[in-house]
Amino acid sequence: MDQVLTPEGELLRESPIRDDLIKRLYRAMVVARQYDHKSISLQRQGRLATYAPFEGQEGAQIGAAAALHPDDWMVATYRDGAAMWAHGFPMDLLFLGRTGDERGGAPPADVPCLPPSITVGGHMIHAVGLGWAARIRGERRVALTLFGDGATSEGDFHEAMNFAAVFATPTIFFCQNNGYAISLPVAEQTKSETIADKAVAYGMPGVRVDGNDLLAVYEHTLAAVNRARSGAGPTLIEAVTYRIGPHTTNDDPSRYRTDEEEIVARTKDPIVRVQRYLESKGEWTDAWEEEISQEAARIVDEAIAKAEAVPEPEVSHLFEGMFAEPTVQLAEQEQWAGA
Amino acid sequence: MDQVLTPEGELLRESPIRDDLIKRLYRAMVVARQYDHKSISLQRQGRLATYAPFEGQEGAQIGAAAALHPDDWMVATYRDGAAMWAHGFPMDLLFLGRTGDERGGAPPADVPCLPPSITVGGHMIHAVGLGWAARIRGERRVALTLFGDGATSEGDFHEAMNFAAVFATPTIFFCQNNGYAISLPVAEQTKSETIADKAVAYGMPGVRVDGNDLLAVYEHTLAAVNRARSGAGPTLIEAVTYRIGPHTTNDDPSRYRTDEEEIVARTKDPIVRVQRYLESKGEWTDAWEEEISQEAARIVDEAIAKAEAVPEPEVSHLFEGMFAEPTVQLAEQEQWAGA
Amino acid sequence: MTVLTLAQALTAAHATALAADDSVVVIGEDVARTGGVFRVTEGLLDEFGPTRVIDTPVAESGIVGAAFGMAVAGLRPIAEIQFMGFSTPAYDQVVNHVARIRNRSRHRFTAPMVIRIPYGGGFGAAEHHSESWEAIYAHTPGLKVVTPSTPADAKGLLLAAVADPDPVIFLEPIRLYRSVKEEVADGWTTVEIGKAAIRQEGSDVTLLSWGAMTKETRAAGERLAADGISSEVIDVRSLVPLDADTILDSVRKTGRAVVVHEAPRTAGFGAEVSALIAERCLYALLAPVRRVTGWDTVFPLKRGEPHYLPSIDRIVAAARSTLEEG
Amino acid sequence: MTVLTLAQALTAAHATALAADDSVVVIGEDVARTGGVFRVTEGLLDEFGPTRVIDTPVAESGIVGAAFGMAVAGLRPIAEIQFMGFSTPAYDQVVNHVARIRNRSRHRFTAPMVIRIPYGGGFGAAEHHSESWEAIYAHTPGLKVVTPSTPADAKGLLLAAVADPDPVIFLEPIRLYRSVKEEVADGWTTVEIGKAAIRQEGSDVTLLSWGAMTKETRAAGERLAADGISSEVIDVRSLVPLDADTILDSVRKTGRAVVVHEAPRTAGFGAEVSALIAERCLYALLAPVRRVTGWDTVFPLKRGEPHYLPSIDRIVAAARSTLEEG
Ligand SMILES: Cc1ncc(C[n+]2csc(CCOP(=O)(O)OP(=O)(O)O)c2C)c(N)n1
Ligand SMILES: Cc1ncc(C[n+]2csc(CCOP(=O)(O)OP(=O)(O)O)c2C)c(N)n1
Ligand SMILES: [Mg+2]
Ligand SMILES: [Mg+2]
């Protein structure tokens, strides 16, 4: 498992990443965590529907997103709000979606990020098709898909990996191995030594990185992105991380894991280690932390306000999304529904 | 790729297999090939529906089947008549099925062999469940499933391999890599170096053998069967062979491969090499060949006669297979159909 | 007798089946450790052990395909799909293998298994968690399709499904898991598959529904009764086989019918019920059959839900219209 | 104009679309090298090259899922599933993604793609090669579902489907691929999706069908005409959107209807058509609507086929019964 920055914040080898970028990504992780924590409390207040926390996975998501160009495709899941926001998906739309509103699935025209996939496994092949299309159209865009360890058990993972390799599509398979598929630990999901090893079955390079190590994640994702962009084909990246929170706000992890395990996991926090690193280089101060956390709070609060300002959907909301032009049946049913 | 017997019939290393068994299996291959050739001519005469020839794959199928106990499960495909027959599936039922009659799918109670799978990929997981059940019930039966190279592209292959490995079911995945999925060559189906390599993704042993080498196939399948029976779990076997004939009697291979390729493939015939080997040991004579080929002709002809003696199905044939007890709707519909 | 919710009745049915028959196994995602998303299989792991209560990787086709193999080998698997929206990856196994092995092998091999699928909306869930696809299963020859709406039916139908020699798609109305409580018989108790239940006898109009919609339908019946309209309320319960006699006898008596379901309207199972009624008792019909259904749209997320699900008002209005017309 | 079979018309439509629009790609199993099992894509590889005419590994979910990604990215893929029996592995992609991305993203992302599926029986095929599952696609909000029964419709509907901004399930009646020939317009020509075709005007009874069954239905119409019974023969053609007006206007005129399909009866699309008719023009009905369908059985293998498919006799008998009754 490749690591650049230890949990204690020391650099194991020279990183090509400049400190100003590291500071930018550190700030992004801080914003993401506030978004995550705020989402949980909003859900408790009944202002959001079920929420799937990503605490502990900020390094993986922010590091991966940072390796993309703005016009590269991102195809992510219900747990990837940090990555999606970092790729330009407006935070207010993430909140809006979580209130239970389809309007949260419509990013601006210049944000090539699909709405989060709720089904596990089905979305990876979409990133194959998106990248494939870019190549057919002569664009130099790549497509990165995020998914979890559990998704690698679905047949669709196999078909997506195989198509990507056979057709050498510019696709990056970014797996966040956060230890569990709801209650099932990775050791009971597969007998392969690592998830990265699965790339062998497709003649695809597979790399395993410390997913809580922002620098390692960024470095390897960038390499995979460049490889894809150059036409050399797909890469599987296994980012080893941990889901600090419950599977969703409905889940009770005590049914399947120990507090000790969570305590140990917390010592590997992806944000703390970057803070320590920056501090050691004199790039981190309490004042700056104060500044960015206040900024983060403002960003999150503004996004919530914007999301909650969206009026309740009308009856037409159900019908208008179905086709470019409503069918006779839908027009008729919309009338009945309105009556 | 492990090989014991060369195309010229010379033994590369000592084989544990006794000559009388080799003679028995040689005879089985001869019968199988006559069944195959006869099926093609019957199809041409309109006496069988579409047929999928297995010429060239007799070594793989007879060798694999020989490694099973009579009460082990076999789950095979439309191209595996040789293996099914060798495992006890009556030849007349194989013919009957090919005439287009569901009654061909009902082997005797003591033959644990499912009707051939027509869908590609879906049946492998059945061998996982069958083997799993045997273990739960405390039986020492194993389940062997035959499938082609093309089937490894389906998501169901992935889920079957993963379940078998995770739950250590007594399942043997026997892949006949015959070079093509209809028109698609293996090199365009996957970028993994070999199909056996795919076992790595499941932490499962994978072996690659010369599928035209009866002895190598038998040895490795027996090892996998013993391993499964001992509770050590599943194995993937890639038997490298070649489909000498068309995909089915509807197919025209000249659209996707050259005659040269077929000519070269014929030099690796699985039957000829065993004949040469036996001859070298003084175990093969023209007289014996004459004897077994006449016997084979008799077996095949009797099976055809038996199959063609089965009367045309009545209307009730459609309805009686649906449930243990017909539903009110089916009973009603059967009346209408009869009227 | 014990007072149980529908979810508790299902748990009891599982425990009863596992205790009564060694060949019964429970298999699915998170069914063992956590007792399932809805806790329906809670406690079974402790009581019956990991050999018979099995947590699987996330692979629906694998779950159904493996359970199918187990069933062919003589076990009686109860497979759980976490939500109906996730039943589609297993659809090929269900349609092409589970539903067909008996016919393909002329009874030589069979698949006595139950596939449990929580279904329906109304709880503000994420996408894919509120689907009602009963019609796509009911249209598949070789499957039985049942859905309970009371705790007693939940236990009785599940045990009947486990004992059934053929595969049964067992649809569990999520919205009713905890909303109803009633006395349920202890031990082994069954409800015959293929029989509808008349929840309320009446003479003016027949109201037909199944699953969660039985709740609004019964309420509509009460609302109509308050206005002196006598409705016969039928819980179809078993879509395949369908209890046509009970349905047709009722409509012959009332001359009017309203079919309610939350699945999309076009080619929903309500079309079969409506067609059946009009084809079999046209001359008894005093007014056109009305269908009150979900719309031909994707099931909406939480905020749109109120506009989607058939309401008591819509059912009442449809029933009234059949009286005004005829 | 050129005289073409239905299969040739489809080939022409592919060539026309590929030539007219760079964003069109053809993807599926054996579609390039061999031109597909039915040779419908014959010659396209040579003319348009491997970048746009793509042979894939055997993986239906992969085919549809990759085509979906391509469509979202602005291409117009035509994906082929080899036989309807093999469409189920892709069902999850179709139902949960292809049919939903527009709604999920409020028009921000769309999937303008065509999924071609040869379907129906009557040619003595192996298991899984004769299915008619139109109902399970018609029941899925977000999909259009069409099926041509003439060469001209085949070309016109396929080009309309390629040009459609939404996903279209394009069902090709295998039995008709080579059995009919007619003049087909050259170049780009379309048939509007959502319009039924009246193949024969009549006044006594309306005969409705789609796909391969239109053949027996037309023949039944002729048989009836010989006996002085005037039948209006309608090729529904587009199941979603359904041309209700044409269907209902006809039944209001004739007062009698027979719906024919080869799919299993229960919850088949015929139930929707029958229900629609009885719900919308009950008072115009002189006799109950009759459904002439395949049975609720697995589609039989070759030897049983004659007992399964709706015959001209069965259609004629059903039509007569509507006249005797009313
Ligand atoms: C096809 C499908 N099956 C089941 C589910 C229910 N489900 C939601 S998340 C999840 C676990 C996924 O685990 P993983 O891929 O590791 O992602 P994580 O939740 O850990 O981020 C499951 C089984 C689903 N959403 N889709
Ligand atoms: C699910 C499914 N998709 C497609 C087909 C059509 N089909 C029949 S055989 C075949 C190729 C299978 O190739 P392989 O697995 O190598 O077996 P082989 O025919 O070479 O023995 C295909 C695509 C099918 N039967 N099932
Ligand atoms: Mg996980
Ligand atoms: Mg092959």
Side-chain angles (χ1 to χ4, degrees), chain B residues 73 75 97 101-109 111-119 121-137 139 141 143 154-156 158-164 166-167 169 171 317-330 332, chain C residues 22-23 25 27 51-52 54-75 77 89-90 92-93 95-113 141-144 164-167 193-194 238 240-245 276:
Chain B
W73 289 100
V75 186
D101 192 320
E102 288 78 4
R103 289 168 290 189
V111 177
C113 180
L114 299 192
S117 176
I118 304 300
T119 72
H123 68 294
M124 296 172 271
I125 186 73
H126 304 162
V128 176
L130 289 163
W132 197 343
R135 213 190 49 209
I136 291 174
R137 295 159 59 100
E139 303 167 345
R141 303 163 82 177
E154 289 278 4
D156 274 2
H158 178 69
E159 298 190 14
M161 291 284 287
N162 193 47
F163 271 49
V166 166
F167 297 104
T169 66
T171 310
H317 173 86
L318 271 65
F319 296 87
E320 70 196 358
M322 295 310 298
F323 295 103
E325 292 297 329
T327 61
V328 175
Q329 284 72 22
L330 282 167
E332 180 181 61
Chain C
D22 283 349
S23 64
V25 299
I27 180 169
T51 302
R52 297 180 64 196
I54 304 160
D55 274 336
T56 70
V58 186
E60 292 70 22
S61 189
I63 291 166
V64 172
F68 169 81
M70 289 176 172
V72 169
L75 296 184
D92 178 64
Q93 286 291 336
V95 172
N96 282 334
H97 298 293
V98 173
R100 290 167 173 252
I101 188 65
R102 180 186 288 276
N103 183 66
R104 181 182 296 156
S105 72
R106 302 277 98 186
H107 303 276
R108 167 69 177 84
F109 301 108
T110 60
M113 62 193 281
L143 300 176
K144 293 182 179 178
D164 199 279
D166 286 295
I193 292 173
S238 174
V240 180
L242 184 66
D243 185 356
D245 290 345
L276 184 76

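Here is the naming used below: chain letters follow the sequence lines, and residue numbers restart at 1 for every chain. No experiment lies behind these values; they were computed from the predicted model shown.
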What one should report as the nearest heavy-atom pair of C:Gly69 and B:Leu130 is O-CD2, 3.3 Å
B:Ser117 and C:His97: side chain donor to acceptor below 3.5 Å: no
Between B:Ala106, B:Pro112, B:Gly104, which has the largest tally of heavy atom pairs under 4.5 Å with chain C? B:Ala106
Taking every heavy atom of B:Glu159 against every heavy atom of C:Ala59, the minimum-distance pair comes out as OE1-CB, 3.3 Å
Once you round to the nearest 0.5 Å, how far does CZ of B:Phe323 lie from CG of C:Asn103? 10.5 Å
Is it the backbone or the side chain of C:Ala67 that comes under 4.5 Å from a heavy atom of chain B, or both, or neither? neither
Is B:Arg137 in contact with chain C via its backbone, its side chain, both, or neither, using a 4.5 Å heavy-atom distance? side chain
For the student: nearest non-hydrogen atoms of B:Pro115 and C:Ile101, plus distance: CD-CD1, 4.1 Å
With sequence neighbours excluded, residues passing side-chain contact (heavy atoms from CB on, under 4.5 Å) with C:Thr56: B:Phe163, B:Phe167, C:Ile27, C:Glu29, C:Ile54, C:Ile63
As an exercise: rank B:Val111, B:Val166, B:Leu318 by heavy-atom pairs under 4.5 Å with chain C and give me the winner. B:Val111
How far does CZ of C:Phe68 sit from CG of B:Leu114, to the nearest 0.5 angstrom? 6.5 Å
Do B:His126 and C:Val72 have side chains that approach each other closer than 4.5 Å (heavy atoms only, starting at C-beta)? no
Go through the atoms of C:Leu143 and report whether side chain, backbone, both or neither lie under 4.5 Å from a heavy atom of chain B. backbone
Can you tell if the side chain of B:Val328 reaches within under 4.5 Å of the side chain of C:Pro241, non-hydrogen atoms only? no
Quick check for you: among B:Ala143, B:Ala134, B:Gly155, B:Pro107, which has the greatest number of heavy-atom pairs under 4.5 Å with chain C? B:Pro107
Pick one of side chain, backbone, both or neither for B:Ala160, based on which atoms fall under 4.5 Å of a heavy atom in chain C. neither
In terms of heavy-atom proximity below 4.5 Å to chain B, should C:Pro141 be classed as side chain, backbone, both, or neither? both
Return each pair, listed once, that meets side-chain hydrogen bond (donor to acceptor under 3.5 Å, both in side chains) where at least one residue sits in residues 319-329 of chain B; pairs must be two or more places apart or across chains. B:Glu320-C:Arg106
B:Met322 to C:Asp166 - nearest heavy-atom pair and separation: O-OD1, 4.1 Å
Gap between atom CD1 of B:Ile118 and atom CZ of C:Arg104 - 0.5 Å precision: 8.0 Å
I'd like to know which of C:Pro112, C:Ala71, C:Gly65 tops the heavy-atom pair count under 4.5 Å against chain B. C:Gly65
B:His317 versus chain C, the contacting section by heavy-atom distance below 4.5 Å: both
Only pairs of heavy atoms separated by less than 4.5 Å count here; which of C:Asp92, C:Leu242, C:Thr51, C:Val64 has the most with chain B? C:Leu242
